[in-house]
Number of protein chains: 2
Amino acid sequence: MDRRIARTRSILESALNQLTLVKGYEAVTIKDICDEANVGRSTFYAHFTSKDDLKRRGLEHLRHHLLARQQAALAGGSSPQDRALSFSLVMLEHARDHAALYKALVGDRGGSVALGMIREILGELIRTDLARLDMERVRGPADREATVHYLVGAFMSVMIWWLDSGAKLAPGEVDTLFRHLSLEGIDV
Amino acid sequence: MDRRIARTRSILESALNQLTLVKGYEAVTIKDICDEANVGRSTFYAHFTSKDDLKRRGLEHLRHHLLARQQAALAGGSSPQDRALSFSLVMLEHARDHAALYKALVGDRGGSVALGMIREILGELIRTDLARLDMERVRGPADREATVHYLVGAFMSVMIWWLDSGAKLAPGEVDTLFRHLSLEGIDV
DNA sequence: AAGATACCGAACATAGTGTTCGGAAACCTG
DNA sequence: CAGGTTTCCGAACACTATGTTCGGTATCTT
């Protein structure tokens, strides 16, 4: 690929992230991004159709990262229980590593683009997880899709709460918490 | 209250809902709303600061509705298990009754305002629920806030999935599904 | 080195937001 | 039902952002 293209796209992605930290995703305009990146506005439109488009493409990196880590977890885990929901810890660690950006994203409504995409990605991972569990145990394929959405929503919500409240707990602790609620249910 | 005020606000709320059905929440402009409602644009700004403001005030109705129904459920239920998570069925029935509007809301990102507010409302209800459970049983107040967010996220996600996939199941079935996942965990 | 391709920047059209203000219309009060 | 009060209308204005076009310039690939 032409180096100019790679450079332009990369710097635009970085600029959006940087500006998101400063003023929140929604408040960032395309002109802002171009100024921050030192790129002509017409050039922006030569690569991306909108700010959301730019954001979505940037999140492809995350998708590949998570998929790779899941492969490793599925291969290496000891018991089925350990291997299940492996996305949880990986995702929480990623969130902690980019905590400021995540918080800026979820802070305002603008997060819906990024969060929507992350939900998609997690949905894929969880489907894989559940299918694997179904193979190893006897269990009807009933309600699997409902369970996927149940888990995605629960996880995202807990993660955002964790980030918003300052991420005081370690990723491992939140992971334990989430897995316990998921596998055992809330203790009535 | 001056009748003109009540009438203007009410008709503006209806106009927003109507237009949301037609073109989706985000695509609705303030001019659209005023045209649909036959209200001057300056009048709009005399009552609301923005489209989101209008939406939020409209959702106060839902809040009161849900709170009232929860009171009834808490008073009337037989076992503690039955009384817990009473918001679930009420909310699902309300969603079914306004399915088209809900689907239009969650379809695009614009839903984040409404959904964010609904999450808030449900959070309150669940906190009440859990506190009640804590009183009736012996149980440490540990992680209660995490559980609240876990349940809100899981429920919203399941509800949206249900609506998006055409609401083929009855509210009662989805309720059962959700309660089972919440109380027993996913069956590994 | 040469041809292809990307980038720049300025200009233009379009569309939405939010404010102001004077006159007309509707409302509540006594 | 007459009074003063309040709301509503609508047009005008300033402002900001989006998305497109195009000729000239700089940079890349082969």
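Lettering of chains follows the sequences in order, A, B, ..., and the numbering in each one begins at 1.
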Measure [atom1]/[X] against [atom2]/[N] and give the value in whole Å, please.
X	N	atom1	atom2	answer
A:Met1	C:dT5	CE	P	14 Å
A:Arg9	D:dC28	CZ	C1'	15 Å
A:Ile33	D:dT18	CD1	C1'	12 Å
B:Asp35	D:dA11	CG	P	12 Å
A:Ile30	D:dT16	CD1	P	17 Å
B:Lys51	C:dT17	NZ	C1'	12 Å
A:Tyr45	C:dC7	OH	P	16 Å
A:Asp53	D:dG19	CG	C1'	14 Å

For [X], which contact category applies under a 4.0 Å heavy-atom criterion: base, sugar-phosphate, or nothing?
X	value
A:Ser42	base
A:Arg4	base
A:Asp32	nothing

Quiz item: Any side-chain heavy atom of A:Ile30 sitting closer than 4.5 Å to one from A:Tyr45?
Solution: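 When only atoms from C-beta onward are counted, A:Tyr45 and A:Ile30 do touch, with a gap below 4.5 Å.
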Exercise. Check whether any side-chain heavy atom of B:Trp161 lies under 4.5 Å from a side-chain heavy atom of A:Val152, and answer yes or no.
Key: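 They are not in side-chain contact.
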Quiz prompt | For B:Leu122 against B:Phe155, the heavy-atom pair lying closest together | solution =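 Where B:Leu122 meets B:Phe155 most closely, the heavy atoms are CD1-CD2, 3.6 Å.
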Quiz item: Closest approach of B:Gly40 and B:Cys34, non-hydrogen atoms and distance?
Solution: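 Shortest heavy-atom contact: O-SG, 4.0 Å.
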[X] side-chain N/O to [N] phosphate OP1/OP2 under 4.0 Å:
X	N	answer
A:His47	C:dC7	yes
B:Arg7	C:dC27	yes
B:Thr8	D:dC8	yes

Self-check item: salt bridge (Lys or Arg N to Asp or Glu O under 4.0 Å), paired with B:Asp53, selected from B:Lys51, B:Arg57, B:Arg56, B:Lys55
Solution: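 Of the listed options, the one satisfying the test is B:Arg57.
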Practice problem: Measure from the side chain of B:Ile5, starting at C-beta and using heavy atoms only, and say which of D:dT7, D:dT18, C:dA6 lies closest. | Solution: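 Minimum distance to the B:Ile5 side chain belongs to D:dT7.
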Quiz prompt | Pair of N/O donor and acceptor under 3.5 Å linking D:dG19 base with A:Arg41 side chain | solution =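 When only heavy-atom distances are counted, A:Arg41 does reach the base of D:dG19 through a donor-acceptor pair under 3.5 Å.
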